[in-house]
Amino acid sequence: MTVKRLQPFGETIFATMSAEAVKHNAINLGQGFPDTDGPDRMLEIATEQITGHNNQYAPGMGVGELRSAVAESRGVDVDNVLITVGATEGITATVLGLVEPGQEVIVLEPYYDAYAAAIALAGASRVAVPLKEVGETWDVDVAAISAAVNERTAMIILNSPHNPTGAVFSHDALRALAELCVARNLLVLSDEVYENLIFPGATHTRLAELPGMWERTITVSSAAKSFNCTGWKTGWAIGPQDLLDGVVKAKQFMTFVGATPFQPAVAHALRNEQEWLRDMVAGLDRKRALLSDGLRAAGMRVHDTAGTYYIVADIAPLGLADGVEFCMNLPKNIGVAAIPLQVFTDHPEQWQTKVRFAFCKRDEVLREAVNRLRGLSAGMGADHAV
Ligand code: PMP
Ligand code: GLN
């Protein structure tokens with residue numbers, strides 16, 4: 001039995017594809033998690049916290065040390081920081097705490113699946129506005145968003161750097177979006193979990209720092225992607241006190257607080273592991289090239305990635321038309337897992353042949369994946385209905 005508002009949701013595509021990868025012993029380039037750990041000292045601190053008796057509830061807003069480290073990293077006051085159970089909880093609590101049932105929330109498609117679920121849980125309606133293709137990447141279509149805004153619109157959810165496309169939205173588009181939000185008095189949830197995974201040539205714009213945006217924006221982020229600890233589920237929500245109050249009210253009854261011992265460890269990482277982070281991103285940049293080349297050699301069209309650790313490839317040149325079918329068969333037939341983009345959309349047509357591959361894996365693992373993917377251009381794809 002499931003309540004009506006959750007009935008449209010099945011198992012997440014990430015859980016499905018990871019299970020397929022395990023079943024077929026495939027290389028998992030589907031769900032986005034790295035196969036190496038974060039900085040050594042960060043790991044040691046978490047261990048020391050556990051053996052050093054820091055194992056009881058944290059304060060409601062989170063461990064002070066982490067709140068201050070997040071506040072410093074963003075140039076905001078510590079009162080504007082709430083520690084959450086990953087960015088995921090920050091997203092759900094923001095929508096539950098700030099959007100009324102019956103209101104509309106605009107998401108940009110392809111959109112991360114947790115947004116849709118949070119909107120449904122809040123009894124609100126999702127309005128999906130597609131990104132616009134610009135060259136080999138995508139950007140925010142402000143005119144289309146403007147056309148979608150009406151008197152019921154409460155919030156826009158933005159995510160840059162963007163999962164699943166790997167796009168980093170342009171400053172100009174985000175400025176125009178900010179002007180629209182101010183003019184139409186809209187709230188914004190800015191999901192910046194990939195804020196540190198930016199490749200040379202790209203610049204990340206923090207939406208809350210644009211004129212008129214601080215007072216209407218909740219920014220969420222997390223340690224998961226910056227410090228290779230997706231399993232720690234330690235994130236944060238940042239915003240002005242009156243908006244954060246609503247987020248706290250929802251959050252406190254979902255989990256009350258997150259895991260205590262990880263918080264001082266993440267505080268350490270934010271303050272002292274910037275060099276580690278730079279090296280990690282430089283490594284990712286090389287992996288991006290390795291996988292892009294491999295996907296191209298396998299016969300796919302490869303889109304540009306300016307941030308995140310995902311690459312979108314188009315399977316149309318392989319003579320294939322359906323990304324879901326392709327991804328369901330790939331672990332068994334080729335020994336690699338990937339994620340179809342159309343599951344993140346309400347208008348699947350234009351995304352049907354787009355597939356996401358994650359490159360946050362050791363070089364030897366990516367090389368083996370690339371070797372296996374060569375099987376596609378050898379004809380296995382077209383002939384064997386991969
Ligand atoms: N937003 C986006 C766009 C993501 O890709 C993810 C997954 N890292 C999250 C939110 C959730 O982050 P967390 O694992 O910290 O809950
Ligand atoms: N954010 C990760 C991704 O996009 C997955 C998180 C999850 O499994 N929910 O791959």
Side-chain angles (χ1 to χ4, degrees), residues 31-91 93 161 191-198 204 206 219-239 244 247-248 251-252 254-285 287 307-309 358 360-362 365:
Q31 192 177 31
F33 62 91
D35 61 357
T36 50
D37 280 328
D40 288 344
R41 184 64 197 134
M42 179 184 87
L43 307 178
E44 278 166 21
I45 292 174
T47 312
E48 288 165 13
Q49 292 291 320
I50 292 171
T51 52
H53 310 295
N54 194 9
N55 298 304
Q56 309 310 324
Y57 294 128
M61 295 290 285
V63 170
E65 212 177 324
L66 178 56
R67 292 179 71 206
S68 332
V70 171
E72 278 161 29
S73 74
R74 284 263 170 179
V76 300
D77 196 88
V78 71
D79 293 337
N80 299 118
V81 178
L82 166 71
I83 304 306
T84 57
V85 181
T88 307
E89 191 195 33
I91 291 162
D191 176 349
E192 301 182 16
V193 296
Y194 298 98
E195 61 188 320
N196 293 310
L197 308 190
I198 303 276
H204 171 55
R206 291 174 172 175
T219 302
V220 298
S221 190
S222 104
K225 310 289 167 166
S226 297
F227 297 109
N228 288 6
C229 55
T230 60
W232 286 14
K233 297 302 297 185
T234 300
W236 42 89
I238 303 167
L244 207 55
V247 184
V248 173
K251 183 259 181 318
Q252 67 186 351
M254 291 199 278
T255 55
F256 181 46
V257 288
T260 309
F262 297 129
Q263 297 187 38
V266 171
H268 158 84
L270 283 173
R271 288 198 165 119
N272 305 299
E273 300 289 359
Q274 292 304 314
E275 198 179 323
W276 181 93
L277 180 57
R278 269 193 298 277
D279 287 350
M280 195 263 284
V281 176
L284 280 178
D285 192 13
K287 295 175 194 298
T308 75
Y309 39 51
C360 45
K361 305 293 176 188
R362 283 167 292 137
V365 173

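Residue numbers count from 1 along this sequence.
Side-chain contact between R74 and V81: absent, with no pair of heavy atoms (C-beta onward) separated by less than 4.5 Å. A 4.5 Å side-chain heavy-atom check between L277 and S226 finds at least one atom pair inside the cut-off. Between E65 and R271 there is a side-chain heavy-atom pair separated by less than 4.5 Å. A heavy-atom distance below 4.5 Å is not found between the side chains of V63 and F262. At a threshold of 4.5 Å between non-hydrogen side-chain atoms, the residues V70 and I238 count as touching. Using a 4.5 Å heavy-atom cutoff, the side chains of Q263 and N54 are not in contact. Contact annotation: the side chain of R206 approaches that of E195 to within less than 4.5 Å [non-hydrogen atoms, C-beta and beyond]. Counting heavy atoms from C-beta outward, D37 and M42 have side chains that stay 4.5 Å or more apart.
Ion pairing between E273 and R41 fails under the 4.0 Å rule for side-chain N and carboxylate O.
Panel note: side chain T234, backbone G86; no donor-acceptor pair is recorded below 3.5 Å. At distances below 3.5 Å, not a single donor-acceptor pair connects side-chain atoms of K225 with backbone N or O atoms of T308. The backbone N or O of Q56 sits less than 3.5 Å from a side-chain atom of T260, completing a donor-acceptor pair. Looking at K361, its side chain does come within 3.5 Å of a backbone N or O of F33 through a donor-acceptor pair. At least one donor-acceptor pair closer than 3.5 Å links the side chain of N55 to the backbone N or O of I50.
Minimum heavy-atom separation, P34 to T230: CD-CG2, 4.0 Å. Of all the heavy atoms in V247 and A237, the pair that sits closest is CG1-CB, 4.4 Å. Of all heavy-atom pairs between G32 and C360, the closest is C-SG, 4.3 Å. Residues V257 and P59 approach most closely at CG1-O, 3.2 Å, considering heavy atoms. Shortest non-hydrogen contact noted between K251 and T255 is NZ-OG1, 2.9 Å. Of all heavy-atom pairs spanning S222 and V193, the tightest one is N-CG1, 4.2 Å.
In this structure, Y57 and F256 have perpendicular ring planes: the angle between them is above 60°, well past the 30° mark.
With rounding to the nearest 0.5 Å, the separation of CG in N196 from NE2 in H204 is 8.0 Å. Note that the CD1 atom of I83 and the CH2 atom of W236 stand 7.0 Å from one another [nearest 0.5 Å]. To the nearest 0.5 Å, atom CG of residue L66 and atom CE of residue M61 are 12.0 Å apart. Note: E72 CD to D77 CG = 11.5 Å, rounded to the nearest 0.5 Å. Between the CG atom in L43 and the CH2 atom in W232 there is a gap of 5.5 Å [rounded to 0.5 Å]. Distance check: L197 CG to E192 CD gives 12.5 Å after rounding to the nearest 0.5 Å.
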